[in-house]
Amino acid sequence: MPEGSHGNLIAGEWVKADRMIDNINPSDTSDVIGSYPSGSAADAQAAIAAARAAFPAWAAASPQTRFDILDAAGTEVLARREELGRLLSREEGKTLPEGIGEATRAGQILKFFAGEALRLNGEVVTSTRPGVHIEITREPMGVIGMITPWNFPIAIPAWKIAPALAYGNCIVIKPAELVPGSASALVDILQRAGLPKGVLNLVCGKGSVVGEVIVNSPDIDAVTFTGSVGTGRAIAAKCVARGAKVQLEMGGKNPLVVLDDADLAVAVNCAVNGAFFSTGQRCTASSRFIVTEGIHDRFVAAMIEKMQSLKVDDALAAGTDIGPVVDAAQFKVDLDYIEVGRKEGATLAFGGEVLNRPKKGFYLQPALFTGTAPTMRIAREEIFGPVASVQKVKDYDAALAAANDTEFGLSSGICTTSLKHARHFQRAAQAGMVMVNLPTAGVDYHVPFGGRKGSSYGPREQGAYAREFYTMVKTAYVQG
Ligand code: NDP
């Protein structure tokens, strides 16, 4: 294949697709990172057939084999974290330290699940019938279809691929069409670490083409999806209709509550990090600041002061705090929401300007709205950009009610020095993850990740809990 030109990995071979697309750097739209496949339905079908054929042998492989491959791949990812982080930042637009951090996380995930391959255990239970022996064991699900979004181009593929392999499944993965580079590099590392041909297959391309085949194929036993609510719900309906297991991680409208007794510096750091780092393009980003009356004005003033100091520039440039928005379509969505907020009567207290930089990219000054009513669209709908709003509330009870007043339930945060309110919020927040004096975004790699209400569907991802999705349980009764 010519340099800069990439393929799909099908049955252990890198093969070119009939249609290729350019991977463009959002910090500099004249920079073409490479040419990647826009795979066809036939490519997806070939990948599924390869995974099916590889499954019996991989399901029977020794846990030591799975450990060795995942551990070796993790070692390579960690050794190459700077290079992989640079590729990631170049194709997605998060800053270089964020890109390197995400690549590091991917390596750590591979190593964690290497260990999990050895730790898979079952249960022995005493039967109610004398002489009968009961064993509860876990078996691999089969062939897993994986559909991933653009905002974590290496971590999300890693946290789906690693447990699937650890527990003996084969894989067909379709990364978001915007960011094929990081997933391709990860898959290449895993393949070279010693995976048998066909165990892991990568088909880059459109959701409406490759994704559709994966979701609808009777040879895909389970589908794990991360992305938007609309796409996720449509995928779930198709999977349920044909009886396939499905797991969805979707959007959020995550609140950060700031109480009168909060440490202001802690609250501002949590708010700026949670709302604007990674350009606000995190499902766990804080987009609603719910602030009690006594601290409201000081919080807003301190936020504006901090936001003025943030450097929005090329993701790869030293000193950049916030990189560009990922592409023209998301840029338009962000600008449209800023307009919606203005029209609804919220006050744009800071930012929201399109920024010009020497290189042409999608640069947007982070935006903060105040005077936001809970009924406004900017307070209810996921924006997925560097746009956040402040709602003023009377007291803790009103703050808790406002925090829970959403169709989503991914991550919910509070800044307070009151142990009573912190512990109460931890119990009462209707979210899969609760953060106390920490940003709503930014999680560990070895514990469960996921949400409630409209944010998630099916078992949790990550940590030992990942086995709920990637294995199925068998109960055996034995006499004699
Ligand atoms: P999308 O839902 O648009 O896309 C996600 C993936 O689904 C992409 O690979 C996409 O392909 C694919 N897809 C699109 N249509 C179909 C289809 N008909 N059948 C099968 N697959 C399809 O989300 P984005 O990529 O825009 O990601 C942003 C969203 O992801 C946000 O809403 C965010 O909240 C959510 N997210 C949630 C996370 C969580 O864990 N809760 C983490 C990260 C993001 P294509 O490349 O063609 O678009």
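Predicted, not measured: the structure shown is a model, and the values here were computed from it. In listed order, ligands and their atoms are each counted from 1.
- For atom 48 (O) of ligand 1, the protein comes within 4.0 Å by no heavy atom at all.
- Counting heavy atoms under 4.0 Å from ligand 1, residue R282 does not touch it at all.
- Under a 4.0 Å heavy-atom criterion, W150 is in contact with ligand 1.
- Between E212 and K206 there is no salt bridge, since no side-chain N of the basic residue sits under 4.0 Å from a carboxylate O of the acidic one.
- With respect to the salt-bridge test (charged N to carboxylate O, under 4.0 angstrom), the residues R119 and E116 qualify.
- Put simply, atom 9 (O) of ligand 1 has protein non-hydrogen atoms near it, under 4.0 Å away.
- Using a 4.0 Å cut-off between heavy atoms, T284 makes no contact with ligand 1 at all.
- For ligand 1, the polar-atom distance check finds no N/O of S455 at less than 3.5 Å from any of the ligand's N/O atoms.
- The aromatic rings of F384 and W150 sit perpendicular to each other, their planes meeting at more than 60°, with 30° as the lower class boundary.
- The side-chain hydrogen bond (donor to acceptor under 3.5 Å, both in side chains) search around Q330 returns D334, not counting sequence neighbours.
- Considering each of G230, C283, G227, G450, the one bringing a non-hydrogen atom nearest atom 39 (C) of ligand 1 is C283.
- At the top of the distance list for atom 15 (N) of ligand 1, counting protein heavy atoms only, stands T231 CG2, 3.5 Å.
- Counting only heavy atoms of the protein, atom 27 (O) of ligand 1 lies nearest to P149 CB, 3.3 Å.
- The proximity of N151 to ligand 1, defined as any non-hydrogen pair under 4.0 Å, is limited to the side chain.
- With M250, E382, E249 as candidates, the residue nearest to atom 40 (O) of ligand 1 on a non-hydrogen basis is E249.
- Remark: ligand 1 and T226 share no N or O pair separated by less than 3.5 Å (distance only, no angle test).
- For the residue pair T95 and E98, a side-chain donor N or O sits within less than 3.5 Å of a side-chain acceptor on the partner.
- Put simply, the side chain of R288 gets close to the backbone of A403: a donor and an acceptor are under 3.5 Å apart.
- Looking at L410 against ligand 1, only its side chain comes within 4.0 Å, counting heavy atoms.
- Nearest residue to atom 45 (P) of ligand 1 from A329, S228, G207 is G207 (criterion: closest heavy atom).
- Under the rule for a salt bridge (Lys or Arg N to Asp or Glu O under 4.0 Å), E344 has no partner lying at least two apart in sequence or in another chain.
- Ring centroids of W159 and F449 are separated by less than 6.0 Å, placing the two rings close together.
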